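So that we are looking at the same thing, I have put the structure below in structure tokens.
None of the values given here were measured: they were computed from a predicted structure.
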Amino acid sequence: MNSAHDLDTWRLFFKVVNLGSVSKAAQSLHQETSAISRKLNKLEKDLGTELFTKDGRKLKLTSAGFVAFSRMRRIVLDAGCLINDLSQGQDNLEQLITIAAPIGISEKLLPICLLEYMKIEPSTRFSCRSMSYVELFSTETFQGYDIILSTSPITTATNTTMLLGGIKHIMTASTEFLRGENVSIRRPEDLNNYPLFSFYSRNRERNTHLKKGSETYHLNLDACCRFNHPGAIKTAVLDNYGIGVYCPYYFYASEIKNGQVQQVLPDWTMPLQQVYLNKKYTQRAYVNDFINWFFQRFINFEGIISPMSNGFWMSDFSANLVHL
């Protein structure tokens with residue numbers, strides 16, 4: 001048998017990685033060190049690549065090992081969850097909805113929706129996974145989740161895609177930072193005079209458009225730091241390090257209300273980030289019932305714009321603005 005297809009071998013691999021040595025893994029699992037070494041050697045042989053390299057007495061992951069650790073861990077964990085659900089009987093599976101979503105949405109908006117819905121339908125259970133934008137478009141994600149929330153439509157033969165709405169983005173800074181000596185931001189071109197923290201996703205970390213009435217401005221950012229998590233930008237903003245750019249409004253709504261944070265150049269609006277709901281073709285009524293409810297709830301969050309609103313606009317990050 002090819003050991004690369006054996007989940008127990010991968011569990012052994014993770015144990016060695018977590019403990020840092022074969023001997024510690026052997027002691028933890030009450031197995032012979034030589035037996036574990038043989039299994040790992042066979043795994044590397046079957047894969048045709050080395051997963052570990054030695055650094056003195058410690059084992060370190062190779063580049064291939066890092067890839068295996070990050071991608072196979074999810075598969076092994078999901079398999080364990082599935083086995084646990086199956087062992088509890090079919091009744092526990094009938095109301096389970098699996099969801100994958102971008103990090104920011106899954107941290108702030110999605111938990112509120114799920115908790116509210118469970119009050120309405122207590123029998124419904126959810127299994128949610130936060131993913132990067134790259135992970136959301138993987139084949140494993142298409143196959144493994146009932147619902148995928150994404151910022152681009154996902155079109156396959158087994159799913160359908162619907163536009164939920166648009167996320168309002170703003171530029172922000174703490175009130176304390178803006179009160180600092182020599183801080184003056186009156187035009188978009190003034191932004192690059194200060195430390196900027198922006199969102200990393202494709203080419204969006206450098207370029208975007210601003211709009212003020214009929215006037216548009218192409219903003220070419222020179223950010224000192226870029227993150228793929230809006231919470232990291234918020235940390236820099238709240239600690240008075242500089243200006244957050246392309247910040248989801250819903251992440252800052254409370255701080256704006258209490259005066260801790262202010263919008264920078266509030267007269268200039270940024271393009272909305274579309275949010276799509278992608279679902280499997282399914283006859284399960286409880287999944288469709290949740291989706292219908294979620295559609296209405298999502299657009300009621302502060303900073304979420306309905307696709308039917310006159311304020312819904314986006315940019316393709318070129319010189320042309322697209323009005324919907």
(request) Answer yes or no: is there a donor N or O on one side and an acceptor on the other, between the side chain of Ser28 and the main chain of Lys24, under 3.5 Å? (result) no

(message) Taking the ring of Tyr117 and the ring of Phe294, is the distance between their centroids below 6.0 Å?
(response) no

(request) Given side-chain contact (heavy atoms from CB on, under 4.5 Å), test Glu255 with Gln262 step by step and report yes or no. (result) CA-CA 8 Å; Glu255 289 78 10; Gln262 296 182 33; over 6 Å; no

(request) Kindly state whether the ring of Tyr246 and the ring of Phe197 have centres lying under 6.0 angstrom apart. (result) no

(message) Would Lys108 and Phe251 count as a cation-pi pair here, with the cationic atom under 6.0 angstrom from the ring centre and within 45° of the axis?
(response) yes

(message) Tell me whether Tyr241 at atom OH has more than 12 heavy atoms from other residues, nucleotides or ligands lying less than 6.0 Å away.
(response) no

(message) As a quick check of understanding, evaluate salt bridge (charged side-chain N to carboxylate O under 4.0 Å, His left out) for Asp190 and Arg187, giving each step before the final call.
(response) CA-CA 5 Å; Asp190 296 333; Arg187 297 285 299 172; over 6 Å; no

(message) Whether the side chain of Glu44 engages the backbone of Phe52 through a donor-acceptor N/O pair (distance < 3.5 Å, no angle test) should be reported.
(response) yes

(request) May I ask you to check whether Phe14 and Phe69 place their ring centres under 6.0 Å from each other? (result) yes

(message) Looking at Arg297, I'd like to know if its CZ atom is crowded, meaning that more than 12 non-hydrogen atoms belonging to other residues, nucleotides or ligands lie closer than 6.0 Å.
(response) yes

(request) Salt-bridge test for Lys257 and Glu302: reply yes if a basic N is under 4.0 Å from a carboxylate O, no otherwise. (result) yes

(message) So for atom CD, which belongs to Glu189, do other residues, nucleotides or ligands contribute more than 12 heavy atoms lying within a distance under 6.0 Å?
(response) yes

(request) Check the side chains of Thr62 and Glu50 for a donor-acceptor pair under 3.5 angstrom, ignoring hydrogens and angles. (result) no

(request) Establish, from distance only, whether the side-chain atoms of Asn278 and Ser150 form a donor-acceptor pair under 3.5 Å. (result) yes

(request) Please answer whether the main-chain N or O of Val261 pairs with a side-chain N or O of Ser174 as donor and acceptor at a distance below 3.5 Å. (result) no

(message) Just checking Glu116: does its CD atom have more than 12 heavy atoms from other residues, nucleotides or ligands closer to it than 6.0 angstrom?
(response) yes

(message) For residues Phe295 and Ile167: do they belong to one hydrophobic cluster (side chain heavy atoms under 4.5 Å, members Ile, Leu, Val, Met, Phe, Trp, Tyr)?
(response) yes

(message) Check this for me: Lys234, atom NZ, are more than 12 non-hydrogen atoms of other residues, nucleotides or ligands nearer than 6.0 Å?
(response) yes

(request) Look only at the side chain of Tyr286 and the backbone of Leu96, and say whether a donor-acceptor pair between them is shorter than 3.5 Å. (result) yes

(message) Could you tell me if the side chain of Leu43 sits less than 4.5 Å from the side chain of Asp6, heavy atoms only?
(response) no

(request) Using the rule that two of Ile, Leu, Val, Met, Phe, Trp, Tyr join whenever any of their side-chain heavy atoms come within less than 4.5 Å, decide whether Ile103 and Phe199 are in one cluster. (result) no

(message) Would you say Leu238 ends up clustered with Val245 if hydrophobic residues are merged whenever their side chains have heavy atoms under 4.5 Å apart, either directly or through other cluster members?
(response) yes

